[in-house]
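First up is the structure itself, then whatever we jot down about it.
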Amino acid sequence: MTNRLFLSCKLLFFLPFVLFTFAGCAGGLSRKEASNLYFNLGNAYFELGQNDKAVQAYLRALSFNRRMRVASFNLAKAYIELGRFSDSLNVLNRMLREDPNNIILLSAKAYCLYRSGEFEESAEIYSRILGIDPGNIEALFNSAVIKAKKESFEEALEKLAILKTRRIDNERLRRRINAQIGAIFYKAGEYSQAIEYLEYTRGNEFNSLENLKMLFNSYVQIRAFSSAIDIGKQIVDKEKDKDILFQLAFIYLTAVEEIRTGISFLNQAIAAGFSDREKASRLMENLPRGMIRSVSEILTRENLLDS
C-alpha cells in the first residue's frame, strides 16, 4: 500500500513536468515518439484512476499512430472504468474484426458486457472463449458468476467444480472461487455447505460485509449461535446494520438469555432505524418469562408493539 501511494505521488509530480517538457519540444518529436509519449502518459493517468484524462491521452497517441493496438486496448479499458460501455465496445469490436479469436480482446468484451448488465451476451462471449480454450480459467469463473446471478445454480457449480480440480497458484482466485461457491449454496438454502466455503473468506480481502452477512445468517439458520455472535459483532463493528443488530439482540435475549447485552443490541438496532413490527412480535413470543416486561416496555415506547 505504501509503495503504491509513493508511486502515485511520484506520478502526480511527474505528469505536469512531462506536459511542460513536451509542450516545449513537440516540434522535435517524430510521430512514433509522440504516440509513445502520449501512450505512457495515458498509462500514468490510468494508474492514478484519472480515466477521463487517460482517454484523452490514448486518443492523442492514436492520432499520431492509429495502428497502435495497445493504445486502443487500453483506451477500451479506460472507457469501461468510466462507464462508457458503448464506446469501449466500438473500440473492441473494431479490433476483433482484425483478430476475431483473440482471447484477450474477447475477455475484455465479455467483461464490458457484464459491467453494462448485458449478462446473456457476456455469457455467450465467455462460451466462445471456452470453445477456443476449454481450460481458460477466467472464462470458467466469470461464466459461473453470470450463471449464479441468473440463479442457474447447478450450471454455476459445475463450472466452479471444474475450477476446483485445477491447480491454481493464484491464492486470490482460489479464495474468490470459494466465496462464489459459498454464495451459491447460501442462495440455494444449503446453509451448512455455504458455511464450509464462506469460512474461507474470513480474514482476507474477501472478508466483505456481504460475505460476512451470508455467513452470519447461515450460522443463525443452523442455530450455531456462538459462531453467529462472533460474526455478527464483526459486522456491526464495521457497519451499524439494524437487522444484524436486531438478530444479535434476538439471540442474546432468547437463546443466550443474557438480558443486559440483549437489550443493549436492541437499543442499538432501534437507534439504527429498526422498525419491523412483525419481527418485534416474534421476539416477544420467544422471550423467557422474566424478560417480557423489560423488552415490552422498550418495544411499546418505540411503537413496535400495540400498547
Chi angles and distances behind the side-chain hydrogen bond (donor to acceptor under 3.5 Å, both in side chains) call for E196, S192: CA-CA 7 Å; E196 178 183 348; S192 294; over 6 Å; no

Check: R175 and R172 side chains under 4.5 Å, non-hydrogen atoms: no

Shortest non-hydrogen separation from I195 to S218 and the atoms involved: CG1-CB, 3.5 Å

Interatomic distance, S30 atom OG to N36 atom CG [nearest 0.5 angstrom]: 8.0 Å

Worked check of side-chain contact (heavy atoms from CB on, under 4.5 Å) between N286 and F250: CA-CA 9 Å; N286 286 274; F250 195 107; 3.8 Å; yes

Pairwise side-chain contact, Y38 with Y58, heavy-atom cut-off 4.5 Å (strictly under): no

Expected output: side-chain T254 to main-chain L287 donor-acceptor under 3.5 Å: no

Least distance between heavy atoms, L41 atom then A57 atom: C-CB, 4.2 Å

Carboxylate-amine/guanidinium proximity below 4.0 Å for E124 and R128: no

Under 3.5 Å: donor-acceptor pair, side chain of S294, backbone of M291: no

Minimum side-chain heavy-atom gap L248-F216 below 4.5 Å: yes

N217 side, atom CG; I231 side, atom CD1 - distance, nearest 0.5 Å: 11.0 Å

side-chain contact (heavy atoms from CB on, under 4.5 Å) evaluation trace for I222 with Y219: CA-CA 5 Å; I222 67 168; Y219 277 124; 4.3 Å; yes

Steps toward side-chain contact (heavy atoms from CB on, under 4.5 Å) verdict (L106, I132): CA-CA 11 Å; L106 288 170; I132 299 169; 3.9 Å; yes

Test item: E199 and L215 side chains (from C-beta on) under 4.5 Å apart, heavy atoms: yes

Gap separating the CD1 atom of I177 from the CD1 atom of I162, nearest 0.5 angstrom: 11.5 Å

Separation of L89 CG from L96 CG (nearest 0.5 Å): 10.0 Å

Candidate pair F85 and Y79, rule ring pair (Phe, Tyr, Trp, His ring centres under 6.0 Å), full reasoning: CA-CA 6 Å; F85 303 120; Y79 277 143; over 10 Å; no

Gap separating the CZ atom of R69 from the CG atom of L75, nearest 0.5 angstrom: 13.0 Å

Close side-chain approach of K238 to L212, heavy-atom, < 4.5 Å: yes

Ionic contact status for R301 with E297, cut-off 4.0 Å: no

Note: E155-K150 ion pair, threshold 4.0 Å (strictly below): no

Over 12 non-hydrogen atoms of neighbours within 6.0 angstrom of CG in L82: yes

E285 and S281: side chain donor to acceptor below 3.5 Å: no

Donor-acceptor under 3.5 Å (D99 side chain, M95 main chain): no

F265: partners by ring pair (Phe, Tyr, Trp, His ring centres under 6.0 Å), with sequence neighbours left out: Y252

Y191/Y186 aromatic ring centres below 6.0 Å: yes

Test side-chain contact (heavy atoms from CB on, under 4.5 Å) applied to I270 and L304, step by step: CA-CA 10 Å; I270 292 168; L304 290 170; 4.2 Å; yes

Y45 side chain reached by N51 side chain, heavy atoms, under 4.5 Å: no

Under 3.5 Å donor-acceptor, S122 side chain and E118 backbone: no

Rounded distance [0.5 Å steps], NZ in K187 versus CZ in F153: 6.0 Å

Least distance between heavy atoms, K159 atom then S143 atom: CD-OG, 3.2 Å

Nearest heavy-atom neighbours spanning S107 and I129: OG-CD1, 3.5 Å

Exam field: side chain R174 to backbone R167, donor-acceptor pair closer than 3.5 Å: no

R115 and E81 ion-paired at < 4.0 Å: yes

Qualifying residues under ring pair (Phe, Tyr, Trp, His ring centres under 6.0 Å), relative to F119, sequence neighbours excluded: Y114

Nearest heavy atoms of N303 and R277, plus distance in Å: O-NH1, 2.6 Å

Single hit among L157, L163, L160 for side chain to side chain contact (heavy atoms under 4.5 Å, CB included) with Q180: L160

Side chain S296, main chain R293, donor-acceptor under 3.5 Å: no

Minimal non-hydrogen separation, V91 against S72, with atom names: CG1-O, 3.3 Å

Distance-only donor-acceptor check, side chains N65 and K32, under 3.5 Å: no

Listed partners of K164 passing side-chain hydrogen bond (donor to acceptor under 3.5 Å, both in side chains), at least two apart: N178

K147 side chain near E158 side chain, heavy-atom distance below 4.5 Å: no

salt_bridge(K213, D243) N-O dist < 4.0 Å: no

Validation row: F185, L198 side chains within 4.5 angstrom (heavy atoms): no

Other residues, nucleotides, ligands: >12 heavy atoms within 6.0 Å of E210 CD: no

